[in-house]
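Chain letters run A, B, ... following the sequence lines, proteins first and then strands; every chain starts at 1.
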Amino acid sequence: MPCRSGLGIIVFMRPFEQILTDWLKPRLAAAFPDSPVPLAKMAVVVAAANPEFGDYQCNGIMGAAKAMRRNPREAAETVLAGADLPDCVEKAEVAGAGFINFFLKNDALAAAAGEIARDPHCGVPQIGAGKTVVLDYSSPNVAKPMHIGHIRSTVIGNALDRLHRFLGYRVLSDNHLGDWGTQFGIIIMGFRNFVDEAALRETPVEELERIYVKSYEQSKADPEWLAACRRELVKLQGGDPDNLALWKRFIALSMDEFDKIYKRLGVRFDLVRGESHYRDQLAGLVARLAELGLARESEGAQVVFLEEEKLLPCLIRKSDGGYNYATTDIATVLNRVEEFKPDRIVYVTDERQQLHFKQFFAVVRRLGVTTELVHVWFGLMRLPEGTFSTRQGNVIKLERLLDEAEQRALALVQSSSPEMPAETQKEVARAVGLGAVRYADLSQNPQTLITFTWDKALALNGNSAPYLQYACARIASVRDKYRDRFPAGDYEAAPIRVEEAAGRALALRLARFSEAVIRATETYRPNVLADYLYDLSQAYSSYYQNVPFLTAPEGVRESRLHLSAVTERVLRQGLGLLGIETPERI
RNA sequence: GUACCUGUAGCUCAAUUGGAUAGAGCAUCAGACUACGAAUCUGAGGGUUGCAGGUUCGAUUCCUGCCAGGUACGCCA
């Protein structure tokens with residue numbers, strides 16, 4: 001992996017899979033001059049599935065050989081015949097039906113670990129340099145408390161945010177608040193008739209929710225009330241000063257509460273532009289779509305038909321003259337494209353909005369926008385007894401989840417670290433509890449539904465954030481003891497040597513960090529990184545258990561401390577990308 | 001009715017996007033602290049990958065049909 005100039009300065013470093021792929025390409029091109037399978041696909045090298053098959057493997061030859069009616073094993077032998085292996089490879093062999101397996105030199109693994117320690121990005125290439133991504137996530141509705149259903153968009157979106165930045169992308173995170181919908185007519189009526197000012201001072205957002213629910217129920221039972229709600233909405237949208245003042249107050253109260261949660265979760269946005277930010281552009285947008293012949297009237301509404309895309313029609317203006325979210329979303333894309341010139345716009349929402357995104361993406365395409373648009377959707381959060389909803393009253397507030405997590409973590413810290421000062425215990429419990437909640441969500445494939453249980457969300461052992469945090473704390477603890485006992489020692493200057501099996505397995509995991517980061521980002525699945533970190537951590541725990549540090553002979557001791565330090569660095573960096581803190585001691 | 005998603009060990013989830021003997025955690029059972037943190041480690045049992053076909057050297061992955069669950073289908077977001 002290390003690539004040095006003659007002066008011993010690091011020029012660049014590449015992951016092993018990249019080195020091996022590049023090595024394979026010209027050889028495959030020579031062996032298969034007329035292959036119908038593209039070289040780029042044939043030459044892909046991936047981590048080996050099983051240690052007995054080496055460290056990395058290439059599976060592409062079998063497909064190509066098949067397409068050309070050649071014997072795959074013989075074809076693979078031909079490729080390897082020259083035997084001028086890359087420096088990092090100990091041996092390469094053909095196995096099974098026509099796999100090529102690569103076994104790396106221990107020295108190469110040791111050197112790679114050393115490079116990761118020195119590289120500011122832990123060996124991860126800056127593949128996003130020069131590219132801009134707008135990331136749209138969280139986006140809660142004003143006047144409703146955030147509940148456990150909101151955690152997914154916020155936590156997944158935030159992890160994607162951090163991952164992209166780490167890869168060198170310019171990221172603009174935008175919290176597209178629901179601050180301009182039909183709900184405000186209902187809330188204003190609720191406010192005028194039911195508000196309890198004392199409650200509004202005590203728990204503002206809960207009170208707003210209460211009056212919303214009450215007014216909503218009344219609107220379903222009473223057509224007069226519903227009509228009044230509509231009138232209030234039209235007044236608001238028409239700029240009525242009283243309603244505007246109320247609306248602004250609702251937003252301010254909600255934002256205060258959202259900000260508290262974002263602060264606890266370590267989430268910050270570059271932009272907070274709610275739907276209302278685009279409200280003056282909606283009429284012009286609809287007119288433009290009509291002029292272009294894209295939109296036309298249907299049943300009193302303005303609609304874009306999407307038969308070519310085999311999609312249902314997209315409604316952009318209601319028959320009562322009001323606009324809906326599709327219109328706002330289209331306007332938002334146009335603004336972002338013009339203002340930020342992004343290469344890509346990524347949205348993180350739940351699965352229910354898939355059709356909506358396909359529809360308004362299609363409309364935007366017809367307007368000539370070529371920016372890549374991605375909808376990252378995730379499965380709904382459910383309770384064991386079924387879905388939850390505000391109206392059923394079975395929601396679990398996000399704040400309560402976070403409080404509970406910190407409490408459980410505190411109990412654990414107090415029992416296992418009684419000597420720790422109370423203030424520190426509290427701080428550690430915060431990091432451990434919130435880390436557990438984040439990890440429980442991020443370690444699962446986003447596209448599956450999550451059934452919420454307290455035990456799962458707050459797990460503190462096994463495959464959980466505290467397991468990873470524990471590994472970090474243990475490394476830090478050994479490092480401090482080393483400094484006590486060997487004040488003159490400098491393990492960071494000592495070379496890393498890879499000898500025993502557990503150390504080799506650990507170094508191999510470290511070399512795969514960049515692959516995990518890139519794949520997690522490109523597939524929009526933070527769980528890929530979470531899986532990697534857990535695997536790395538297991539490799540370390542095993543190493544720790546099987547190999548002495550402080551009682552090892554000089555040299556070996558320093559090498560092991562050094563390898564531990566690299567592991568710590570990658571773990572802290574990786575967990576940081578998931579938004580999980582790693583206290584020195586836990 | 002149409003479209004999308006999910007179905008893997010008792011439970012919760014993986015499986016490098018078509019690769020080799022389908023892997024982890026929890027739970028169960030058996031071991032390991034007079035060493036550097038046992039929030040840990042070592043090992044065992046546990047599988048017709050919903051069912052039935054198909055495509056090919058090779059399928060949890062792709063195609064078709066069923067079954068079960070979830071979600072969405074013009075004026076909510």
Just checking, is any N or O donor in the side chain of [X] or [Y] under 3.5 Å from an acceptor N or O on the other one?
| X | Y | result |
| --- | --- | --- |
| Gln354(A) | Trp377(A) | yes |
| Ser541(A) | Tyr467(A) | yes |
| Ser477(A) | Asp480(A) | no |
| Asp329(A) | Tyr278(A) | no |
| Tyr482(A) | Glu558(A) | yes |

Measure [atom1]/[X] against [atom2]/[N] and give the value in whole Å, please.
| X | N | atom1 | atom2 | value |
| --- | --- | --- | --- | --- |
| Tyr325(A) | G74(B) | OH | P | 9 Å |
| Asn445(A) | U6(B) | CG | P | 8 Å |
| Gln447(A) | G7(B) | CD | C1' | 15 Å |

Given [options], which nucleotide is nearest the side-chain atoms of [X]?
| X | options | answer |
| --- | --- | --- |
| Glu515(A) | U16(B), U42(B), G70(B) | U16(B) |
| Asn59(A) | U16(B), G19(B), A72(B) | G19(B) |
| Tyr534(A) | A14(B), A24(B), C36(B) | A24(B) |
| Gln444(A) | A39(B), A14(B), U21(B) | A14(B) |
| Asn141(A) | A77(B), C73(B), U16(B) | A77(B) |

Using the [atom1] atom as the reference point in each nucleotide, state the distance between [N] and [M] in Å, no decimals.
| N | M | atom1 | answer |
| --- | --- | --- | --- |
| G45(B) | A22(B) | P | 14 Å |
| A27(B) | G70(B) | C1' | 27 Å |
| G69(B) | U28(B) | C1' | 29 Å |
| C11(B) | U17(B) | P | 29 Å |
| C26(B) | U40(B) | C1' | 16 Å |
| G43(B) | A24(B) | P | 10 Å |
| G65(B) | C13(B) | C1' | 29 Å |

Upstream residue (5' side of RNA chain B) when Glu351(A) and Glu584(A) are each assigned their closest nucleotide: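 First, find each residue's nearest nucleotide; the 5'-ward one identifies Glu584(A).
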
Earlier contact from the 5' end, RNA chain B, for Gly63(A) and Ala47(A):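 Nearer the 5' end of the strand: Ala47(A).
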
Syn/anti label of C63(B) as read from its glycosidic torsion, with the cut at 90° from 0: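 The base of C63(B) is oriented anti (glycosidic angle more than 90° from 0).
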
In U48(B), glycosidic geometry as syn within 90° of 0 or anti otherwise: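 This nucleotide is in anti.
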
A20(B) pyrimidine/purine six-ring stacking with Phe99(A), under 5.5 Å and 30°: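 So yes, this residue stacks on that base, both cut-offs being met.
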
G37(B) pyrimidine/purine six-ring stacking with Tyr470(A), under 5.5 Å and 30°: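 Check failed, Tyr470(A) does not stack on base of G37(B).
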
